[in-house]
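Just the heavy atoms: all of them, side chains too, but no hydrogens, waters or symmetry mates, feed the values below. Throughout, numbering of the chain's residues begins at 1 and tracks the sequence.
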Amino acid sequence: MPELRVTVASRVGLHARPAAVLARTAAEQPVAVTIRKEGGEPVAAASVLGLMTLGAMHGDEVVLAAEGEGAEAALAAVAALIDTDLDQEKPA
């Protein structure tokens, strides 16, 4: 199963707006993406509640995983958001 490690860039971590943006993008992927902190249990990246329960803060490393056709592209799409300070983005 492909995995990708990425550091949380958003100043507030994966809470509120960053979690909502990330969950929406994860839900749009052709495969299910999970996210976890090192040593923790994985949660669905498409779940805002799951993302918020991770407690992933600015600077924390998280591990993304997905399996199936399109997994690597899905991981890259989700990782790109985690690696961006979503608090600085303007709403669409």
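- Partners of A19 by side-chain contact (heavy atoms from CB on, under 4.5 Å), not counting sequence neighbours, listed by chain and number: V48, L51, M52.
- Within a 6.0 Å sphere centred on CD of E61, heavy atoms belonging to other residues, nucleotides or ligands number more than 12.
- For the pair A46 and A26, the tightest heavy-atom approach, listed with the atom from each and the gap, is N-CB, 3.7 Å.
- For residues 20-30, no pair satisfies side-chain hydrogen bond (donor to acceptor under 3.5 Å, both in side chains), with sequence neighbours left out.
- Partners of A65 under the side-chain contact (heavy atoms from CB on, under 4.5 Å) rule, at least two apart in sequence or in another chain, are M1, E3, T34.
- With a 4.5 Å cut-off on side-chain heavy atoms, I82 and I35 count as touching.
- Taking the side chain as every heavy atom from C-beta outward, D85 and R11 approach each other to under 4.5 Å.
- Residue pairs satisfying the side-chain hydrogen bond (donor to acceptor under 3.5 Å, both in side chains) criterion with at least one member in residues 38-57, sequence neighbours excluded, are listed as follows: R5-E38.
- Linking Ile, Leu, Val, Met, Phe, Trp and Tyr residues whenever their side-chain heavy atoms come within less than 4.5 Å leaves V78 and V63 in two separate clusters.
- In this structure E67 satisfies the side chain to side chain donor-acceptor pair (under 3.5 Å) test with no other residue, sequence neighbours excluded.
- Residue L64 is not grouped with residue V31 when hydrophobic side chains (ILVMFWY) are merged at heavy-atom distances under 4.5 angstrom, including chains of intermediate members.
- Not a single side-chain contact (heavy atoms from CB on, under 4.5 Å) links P30 to another residue, sequence neighbours left out.
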